[in-house]
Amino acid sequence: MSRKVALVSAGMSRFGSRPETPKALFDEAWREMAGRAPTWSGKADEAWIGTVGFGGHQPGNSAALFLQGTPSQGAPAHRVENACASSGFALRNAFLALRSGAVDTAVVAGVESMTPFTKGHRGYWLGVSGDTEVERASGLTFPGVYAMMARAHMEKFGTTRDQLAAVAVKNHAFGAHNPHAQFQKATTLEKALAAPMVADPLGLFDCCSTTDGAATLLLVGEERVPEFTDKPIWLTGSGAATDTLALHDRKDFTTVAAATQAGAQAFKGTGKSVADLDFAEVHDCFTIAELLAIESLGLVKPGQGGPAAAAGRTNVGGDLATINPSGGLKAKGHPLGASGAGQAVEVFEQFHGLAGGRALADAKLALTHNVGGSGATCAVHLWQKGWA
Amino acid sequence: MLALALPRVKRGMKAQFSFDEDELSLAWDAVRKAKLPAGTKVAAHGFEKPVPPWFWTGLGLVAAGDARLHLRFIPTTVGPSVAVHDAGPAPDVEAEARKLYEAAASGREDAWQKHRNARDAPDTEADYPLGAYILQSRHDEVVAARMRLPAGAIASWTQVGAGAAPTEFARWQEAFGAYWTVMVAFPDGTRTVGLWGGADAPRTGQTATPALRRLYKTQGAWRHGVAFVPA
């Protein structure tokens, strides 16, 4: 069996520094999702929940805890952990189960709580999703790893700090219109460039903020769509791939091969290409990551990401797909396990006219791109608006 | 045979251990100076703690009590030293130690205080048990393998600020401030990463060679690792 899969509702908590438990954040996202699907009983056949499990809260068997107290309590639930791509892979699992006919309704979620902890606790957990044998023992966490990618990109292609900063300026401008975003304030190129260095050549504005939040999605098989909505968003393609855990073991570290592979897989058989995209939510954990994403997915040639960003080609009115209209991880914040599902919430809000000041006119085709680590895991999904 | 190693920085009248140095890192320096071929038998003497098995494995040497070469910790009037020398009693290394002392860089007093504070600071809640994410046995295997790395060329590098350091490198940052990490490409096409032990910023294309250094301490135990230094 191979049937169509539709996104019929989505919701998220506000991302940002939140004192609540992960369960409370999950419930907040669930309430928004349930409110947007008023005919839904709240019961899903199965659930996939992405979370790194940052410690400090229920570390094991947490999927059951998340469903506890919801109408879906009792349904099979899975915790999915693939670092920052956890909920992107949770989404893929649900897609495969729905498409095969194994389930008719599925909840996909992502949850993370990271800020209520001490500096020591955060410092310990950050980087455990990178290579712990060599990278970590070399004093690296992800800012350092991505900084090495950035420097190599700069030296190979002439990418500049101004071009990186252009990504931050664009995404913060979008984030200013996103009530779910941690940072709802625009910034300037000058301010971004003047920010203190985190891992040279990446400054503070080149880095997203790891934070707290949750996002939930309701997906159903095509024959169940009429029970929920007459405005389905078709999940038309799903791709996923892995690469070496450590950056230094890759053939080329100025591109993300897993993204290229997952992207090609997501488009396969759809009759669409990146040229048809109206917008994309890509994994901009660092500004260089957005450039690597659009290059690896094929929106521009290798090395052309920086000039494209600086020229406004990925902004509203540009000739390429608009990139990260939600504000991306940069402005929205990055609750690791929740970011992938959060990208799909943006797709839902854009297509349903819920995006307010960041709404894109006439968007019909979108892509979400969720990366774990420095590219060891990647999930890409393709979304088609199902109504005129 | 006499190959001697002294700490690389002097403070006042003595060369003293920086945060990342100890008897074992000096032992590495002495053995590298001696250019001992793999399989050489060596007897260790005078070390406060037994020389760990991974040290011998990493260097390809054989620890043997009756060996004709000795690896010995020797205190001198200008600081601690480690020597590789022919079998017999501890040699007089004072003259050689003084030469090394004269050539050593001078450390600033405030820098020494930072190193001392970082070295002696009590554990905090950030000090997770060794083995929390990599077992000691696996760490030792990785270090031993990395000790056999050849020289390579720097393919990329970064300078890591306070917000981007793993918890266990908090002490390293307290001692050295923002630190450099390099990616090194080897002639066979493979790469790795490591801390940069050079005094100046690394450059892409620069030749880097491995060096055994002390990395961090957690719950009272130190871990060593392989960093890179200018050739």
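All chains are named by letter (A, B, ...) in the order of the sequence lines, taking the proteins before the strands, and each is independently numbered beginning at 1.
For E133(A), the parts lying under 4.5 angstrom from a heavy atom of chain B are both the backbone and the side chain. Residue contact with chain B, scored on non-hydrogen atoms closer than 4.5 Å, is absent for L204(A). Neither the backbone nor the side chain of V226(B) has a heavy atom closer than 4.5 Å to any heavy atom of chain A. With a threshold of 4.5 angstrom between heavy atoms, T192(B) approaches chain A through its backbone and through its side chain. For A227(B), no part lies under 4.5 angstrom from a heavy atom of chain A. Looking at L195(B), the atoms closer than 4.5 Å to chain A (heavy atoms on both sides) sit in the backbone and in the side chain alike.
For residues 138-152 of chain B, heavy-atom neighbours of chain A at less than 4.5 Å comprise R138(B), V142(B), R146(B), sorted by residue number.
Remark: R203(B) is not positioned above the aromatic ring of W157(B), lacking an NZ or CZ atom under 6.0 angstrom from the ring centre and at most 45 degrees off the axis.
Taken to the nearest 0.5 Å, the NE2 atom of H334(A) stands 12.5 Å off from the CG atom of D212(A).
Using a 4.5 Å heavy-atom cutoff, the side chains of L24(B) and F55(B) are in contact.
Counting heavy-atom pairs under 4.5 Å between each of K251(A), E135(A), R151(A) and chain B puts R151(A) at the top. Among M149(A), E155(A), M197(A), the residue making the largest number of heavy-atom pairs under 4.5 Å with chain B is E155(A).
Among the candidates R214(B), R8(B), R213(B), the single residue satisfying the salt bridge (charged side-chain N to carboxylate O under 4.0 Å, His left out) test with E21(B) is R8(B).
Under the 4.0 Å criterion applied to side-chain N and carboxylate O atoms, D22(B) and R119(B) are not assigned as salt-bridge partners.
Taking the six-membered ring for Trp and thresholds of 30 and 60 degrees, F176(B) and H115(B) have ring planes more than 60 degrees apart, a perpendicular arrangement. Aromatic ring pairs are classed by plane angle as parallel below 30°, tilted from 30° to 60° and perpendicular above 60°; the pair F169(B) and Y179(B) is tilted. In this structure, F19(B) and W222(B) have perpendicular ring planes: the angle between them is above 60°, well past the 30° mark.
Side chains of K185(A) and H172(A): no donor on one and acceptor on the other come within 3.5 Å.
Close placement of the H224(B) and W54(B) rings is indicated, their centers lying within 6.0 Å of each other.
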